[in-house]
Amino acid sequence: MASIESKDIHKIIVACDAGMGSSVMLAGQLRKTLKGQDIEVAHTPVNAIPADADVVLCHAGLAARARASAPGTVLIPFQIFIGDPAVTGLISTIKNGGTVHG
């Protein structure tokens, strides 16, 4: 399991099957929620996660593919696109400091 300190997070990737649709919505929500933080939020297809990603968020059904695409990167799988506790926990840790595990 990888981990990263919240202060070291500079790029979050929201990965989905095609890199569009729900991931765009979640990426937009994260951008608004994390406004003022020095963090880039982008969305990509799960098979094209960039090497400089610090944290990857993806639907639990895509977690194995995301791990294969970005080994060693903190991966946060979630069940629902809006209001998932895993996403809420990530946001809280970034804003309050701490270690993100995934």
Side-chain angles (χ1 to χ4, degrees):
M1 179 179 274
S3 64
I4 188 170
E5 290 300 314
S6 59
K7 65 181 176 49
D8 296 326
I9 297 173
H10 300 290
K11 188 169 192 172
I12 297 174
I13 296 296
V14 180
C16 77
D17 209 16
M20 299 175 70
S22 301
S23 67
V24 174
M25 184 174 57
L26 179 55
Q29 177 197 18
L30 282 171
R31 275 188 211 98
K32 288 179 189 174
T33 305
L34 298 174
K35 191 171 182 150
Q37 305 282 334
D38 185 24
I39 298 174
E40 175 188 353
V41 179
H43 67 280
T44 69
V46 71
N47 295 331
I49 298 169
D52 63 344
D54 296 310
V55 175
V56 175
L57 289 163
C58 72
H59 190 272
L62 299 174
R65 287 174 54 195
R67 282 194 204 288
S69 181
T73 302
V74 173
L75 175 67
I76 311 276
F78 58 86
Q79 294 293 327
I80 55 176
F81 280 90
I82 300 297
D84 192 282
V87 177
T88 304
L90 172 64
I91 292 166
S92 178
T93 302
I94 289 171
K95 289 185 169 186
N96 298 315
T99 305
V100 177
H101 302 279

Original post:
Can T73 and I13 be said to form a side chain to side chain contact (heavy atoms under 4.5 Å, CB included), step by step?
Top reply: CA-CA 11 Å; T73 302; I13 296 296; over 6 Å; no
**OP:** Report yes if the side chains of P50 and K11 come closer than 4.5 Å at any heavy-atom pair, otherwise no.
**Re:** yes
**OP:** Quick one: closest heavy-atom pair of I91 and L34, and the distance?
**Re:** CG2-CD2, 4.4 Å
Original post:
With hydrophobic residues grouped by side-chain heavy-atom distances under 4.5 Å, do I80 and V56 end up in a single group?
Top reply: no
Original post:
So, do K95 and T33 sit near enough that their side-chain heavy atoms are less than 4.5 Å apart?
Top reply: yes
Original post:
Does I76 reach the side chain of V55, with side-chain heavy atoms less than 4.5 Å apart?
Top reply: yes
Original post:
Taking C-beta and beyond as the side chain, do E5 and T99 meet within less than 4.5 Å on heavy atoms?
Top reply: yes
Original post:
How long is the gap from CG on L62 to SG on C16, to the nearest 0.5 Å?
Top reply: 7.5 Å
Original post:
How far apart are the closest heavy atoms of P77 and A63, and which atoms are they?
Top reply: CB-CB, 4.3 Å
Original post:
Nearest heavy-atom pair of F81 and Q29: which atoms, and what distance?
Top reply: O-OE1, 4.1 Å
Subject >> Full working for side chain to side chain contact (heavy atoms under 4.5 Å, CB included) between T93 and I9 >> reply: CA-CA 11 Å; T93 302; I9 297 173; over 6 Å; no
Original post:
Would you say D54's side chain and I12's backbone share a donor-acceptor pair under 3.5 angstrom?
Top reply: no
**OP:** Compare every heavy atom of S69 with every heavy atom of P71, then report the nearest pair and how far apart it is.
**Re:** CD-C, 3.5 Å
Original post:
For F78 and A86, which heavy atoms make the closest approach, and how far apart are they?
Top reply: CB-CB, 4.4 Å
Original post:
If you look at every heavy atom in L57 and L30, which pair is closest and at what distance?
Top reply: CD1-CD1, 3.3 Å
Subject >> Sequence neighbours excluded, every pair satisfying salt bridge (charged side-chain N to carboxylate O under 4.0 Å, His left out) that has a member inside residues 60-69 >> reply: D17-R65
Subject >> Worked verdict on L26 versus V87 for side chain to side chain contact (heavy atoms under 4.5 Å, CB included) >> reply: CA-CA 9 Å; L26 179 55; V87 177; 4.2 Å; yes
Original post:
Does N96 CG have over 12 foreign heavy atoms under 6.0 Å away?
Top reply: yes
**OP:** Under the side chain to side chain contact (heavy atoms under 4.5 Å, CB included) rule, collect the residues that match up with A27, sequence neighbours excluded.
**Re:** V14, R31, V41, H43
